[in-house]
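Note that these values count all heavy atoms, side chains included, but never hydrogens, waters or copies made by symmetry.
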Amino acid sequence: MKIYLIGFTLLIIANSATTLSLSSVYQCQCENLLQQSDCLSDYCTWDPNESTCSNKPCSGFSQEDCFGVPDPFNCTWNYTTSKCEEFTQCSDYTFKTAEGEKCYDLIKCQVDVDTIDNTAGTVKCMDRTQESAMSIGSCDKVPYEECNWLVTPDGKQCLQNTTAKTCEAKTITQCSDYATIDLCNTSSCYWGDTCKPLTCTILPEESCMLFFSIDSKQVTFCKWETDKCIDLDTTTLTQTQCLPFTLYSYAWNPDSKKCEICQEASSSSGFLLYGTLLLSIMLN
Ligand SMILES: *[C@@H]1O[C@H](CO)[C@@H](O)[C@H](O)[C@H]1NC(C)=O
Ligand SMILES: *[C@@H]1O[C@H](CO)[C@@H](O)[C@H](O)[C@H]1NC(C)=O
Ligand SMILES: *[C@@H]1O[C@H](CO)[C@@H](O)[C@H](O)[C@H]1NC(C)=O
Ligand SMILES: *[C@@H]1O[C@H](CO)[C@@H](O)[C@H](O)[C@H]1NC(C)=O
Ligand SMILES: *[C@@H]1O[C@H](CO)[C@@H](O)[C@H](O)[C@H]1NC(C)=O
């Protein structure tokens with residue numbers, strides 16, 4: 001009975017959340033899709049005997065799908081062979097310095113500024129040092145052209161000094177810390193007469209989907225309703241809306257008939273584990 005209550009509490013927390021930490025975003029995989037109607041045939045294989053849905057292997061994906069599938073598929077694009085392959089480890093990947101942002105397309109990787117090779121014009125990737133979409137080790141070695149809102153472990157951001165043409169670490173805690181329209185990052189802020197924080201209600205229909213927190217560590221989901229953009233309430237989502245409206249972060253649970261998070265931030269497979277426990281206790 002105690003475990004039942006734990007499961008139930010988790011369910012409530014998951015349902016009221018519209019802001020997720022980055023580690024919970026885009027984490028659904030085919031195993032989370034419990035009904036054939038949800039088991040997307042482009043990415044998953046439905047086993048009619050077992051009634052299970054499983055990930056297709058990376059080798060079957062086009063370049064677009066290879067980039068598009070959520071992290072748990074463990075797929076990366078090999079630019080040499082032009083094939084979709086299993087991701088190995090961040091440090092195995094090297095790109096041209098000007099294309100360093102490709103490290104962020106891999107799985108939980110960032111640019112390793114200490115490996116910038118000016119002769120070869122290349123840079124290597126490394127494991128992400130913090131759960132931020134824009135994580136970087138330090139700003140001073142970042143080329144001026146690539147100096148765009150990267151976030152350092154001490155919570156500063158790399159911003160262009162347009163006069164000195166250098167990349168400087170600045171303390172940014174709120175949108176108003178971005179002094180000019182060019183520095184005002186439109187993933188979390190917008191420019192009025194000053195740089196102001198985004199909310200769902202500000203967004204026009206074409207970008208009414210999500211926005212990032214200022215440190216790129218959290219994502220807030222929004223939904224277009226009739227004529228305005230509002231905070232997404234996952235409890236109102238239907239089966240067909242569940243995956244796409246949450247960027248593959250929530251999947252439909254046919255038992256509860258609710259749209260539920262695929263992975264909780266704190267425990268790696270937390271929700272599924274409790275969900276299964278909950279189910280087995282209720283059935284027994
Ligand atoms: C399902 O079971 C049938 C009959 O046992 C078998 O022929 C078929 O290969 C199975 N399909 C899968 C996908 O395992
Ligand atoms: C991803 O694929 C690599 C290469 O096969 C494997 O070593 C690694 O364990 C996989 N990672 C996950 C999370 O499945
Ligand atoms: C891409 O494929 C080539 C040829 O098979 C291989 O040598 C290389 O290690 C692969 N690149 C990565 C980053 O895995
Ligand atoms: C840009 O760099 C110059 C020279 O180091 C410095 O004087 C100036 O304050 C910097 N500008 C900003 C906006 O930080
Ligand atoms: C702002 O920051 C985000 C990450 O939060 C990044 O993807 C984007 O390229 C940045 N630039 C603009 C113009 O929004």
Side-chain angles (χ1 to χ4, degrees), residues 19-23 25 67 79 90-91 93-220 222 229:
T19 299
L20 296 184
S21 71
L22 195 67
S23 58
V25 176
F67 284 115
Y79 287 91
C90 298
S91 57
Y93 298 83
T94 303
F95 297 110
K96 292 198 187 92
T97 312
E99 296 176 349
E101 75 268 12
K102 285 181 176 164
C103 289
Y104 298 85
D105 292 335
L106 302 172
I107 297 167
K108 295 189 170 39
C109 305
Q110 68 186 47
V111 159
D112 183 352
V113 282
D114 291 325
T115 64
I116 294 180
D117 181 335
N118 286 322
T119 319
T122 58
V123 65
K124 289 175 73 138
C125 308
M126 63 184 280
D127 288 346
R128 227 172 247 181
T129 52
Q130 52 171 341
E131 200 67 61
S132 166
M134 299 293 280
S135 177
I136 192 93
S138 66
C139 298
D140 50 331
K141 291 175 186 153
V142 176
Y144 177 71
E145 294 73 27
E146 321 303 324
C147 181
N148 292 312
W149 303 285
L150 295 157
V151 176
T152 61
D154 60 359
K156 295 190 170 175
Q157 286 190 24
C158 309
L159 295 182
Q160 290 179 339
N161 179 325
T162 47
T163 338
K165 296 266 184 272
T166 52
C167 189
E168 289 181 354
K170 296 269 181 187
T171 303
I172 301 289
T173 55
Q174 52 190 358
C175 293
S176 56
D177 293 334
Y178 295 121
T180 65
I181 188 167
D182 295 326
L183 296 180
C184 182
N185 185 303
T186 52
S187 296
S188 47
C189 313
Y190 74 101
W191 188 261
D193 37 3
T194 58
C195 191
K196 295 173 178 166
L198 272 182
T199 56
C200 289
T201 51
I202 302 285
L203 294 171
E205 187 170 7
E206 62 272 18
S207 47
C208 179
M209 171 77 201
L210 56 85
F211 62 86
F212 279 89
S213 63
I214 200 149
D215 55 8
S216 301
K217 289 183 179 174
Q218 291 185 317
V219 171
T220 299
C222 311
C229 189

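Scored by the salt bridge (charged side-chain N to carboxylate O under 4.0 Å, His left out) test, Lys102 finds Glu99 as partners (sequence neighbours excluded). Here Asp114 pairs with Lys141 under the salt bridge (charged side-chain N to carboxylate O under 4.0 Å, His left out) rule; sequence neighbours left out.
The 12-atom threshold is exceeded at NZ of Lys108, counting heavy atoms of other residues, nucleotides or ligands nearer than 6.0 Å.
Within the 4.5 Å cutoff, the side chain of Thr152 has no heavy atoms near those of the Leu150 side chain. Considering only heavy atoms from C-beta on, Ile136 comes within 4.5 Å of Tyr104 through its side chain.
Using modelled atom types, one side-chain atom of Thr97 and one backbone atom of Gly121 make a donor-acceptor pair closer than 3.5 Å. Not one N or O on the side chain of Gln160 forms a donor-acceptor pair closer than 3.5 Å with the backbone of Asp182. Checked by atom type and distance alone, the side chain of Ser132 never pairs as donor or acceptor with a backbone atom of Val151 at under 3.5 Å. Here the side chain of Ser216 pairs no donor or acceptor atom with the backbone of Ala133 at under 3.5 angstrom.
The SG atoms of Cys158 and Cys139 lie less than 2.5 Å from each other.
With rounding to the nearest 0.5 angstrom, the CG atom of Asp177 is 9.5 Å from the CG atom of Leu159. To the nearest 0.5 angstrom, Lys196 atom NZ is 9.5 Å from Trp191 atom CH2. Distance SG/Cys167 to CD/Glu145: 10.0 Å, rounded to 0.5 Å. Annotation: the span from Gln218 atom CD to Ser21 atom OG amounts to 7.0 Å, rounded to 0.5 Å. The structure places OH of Tyr144 at 5.5 Å from OG1 of Thr162, a figure rounded to the nearest 0.5 Å. Separation of atoms OG (Ser187) and CH2 (Trp149) is listed at 8.0 Å; rounding is to 0.5 Å.
When all heavy atoms are compared, the tightest approach of Leu203 to Phe211 is CD1-CD2, 4.3 Å. Here the shortest heavy-atom pairing between Met134 and Asn148 reads CE-O, 3.2 Å. Closest of all the heavy-atom pairs between Ile202 and Tyr190 is CD1-OH, 3.6 Å. Pairing each heavy atom of Ile214 with each of Gln174, the nearest pair is CD1-C, 3.3 Å. Nearest approach of Val123 to Lys96, heavy atoms of both residues: CG1-O, 4.2 Å. The minimum heavy-atom distance linking Leu106 with Cys109 is given by the pair CB-SG, 3.6 Å.
For the pairing with Cys184, the disulfide (SG to SG under 2.5 Å) check across Cys195, Cys175, Cys189 returns one residue only, Cys195.
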Check against disulfide (SG to SG under 2.5 Å), Cys222 and Cys200: CA-CA 6 Å; Cys222 311; Cys200 289; 2.1 Å; yes

Given side-chain contact (heavy atoms from CB on, under 4.5 Å), test Leu22 with Lys217 step by step and report yes or no. CA-CA 5 Å; Leu22 195 67; Lys217 289 183 179 174; 5.7 Å; no

Let's go through Cys90 and Cys125 carefully: what are the C-alpha distance in whole Å and the side-chain angles of both, what is the deciding distance for disulfide (SG to SG under 2.5 Å) to 0.1 Å, and is it a yes or a no? CA-CA 5 Å; Cys90 298; Cys125 308; over 6 Å; no

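Note: Tyr79 and Phe95 have perpendicular aromatic rings, judged against thresholds of 30 and 60 degrees for the angle between ring planes.
Gln110 and Ser135 are linked by a side-chain donor-acceptor pair at a separation below 3.5 angstrom, with hydrogens and angles left out of the test.
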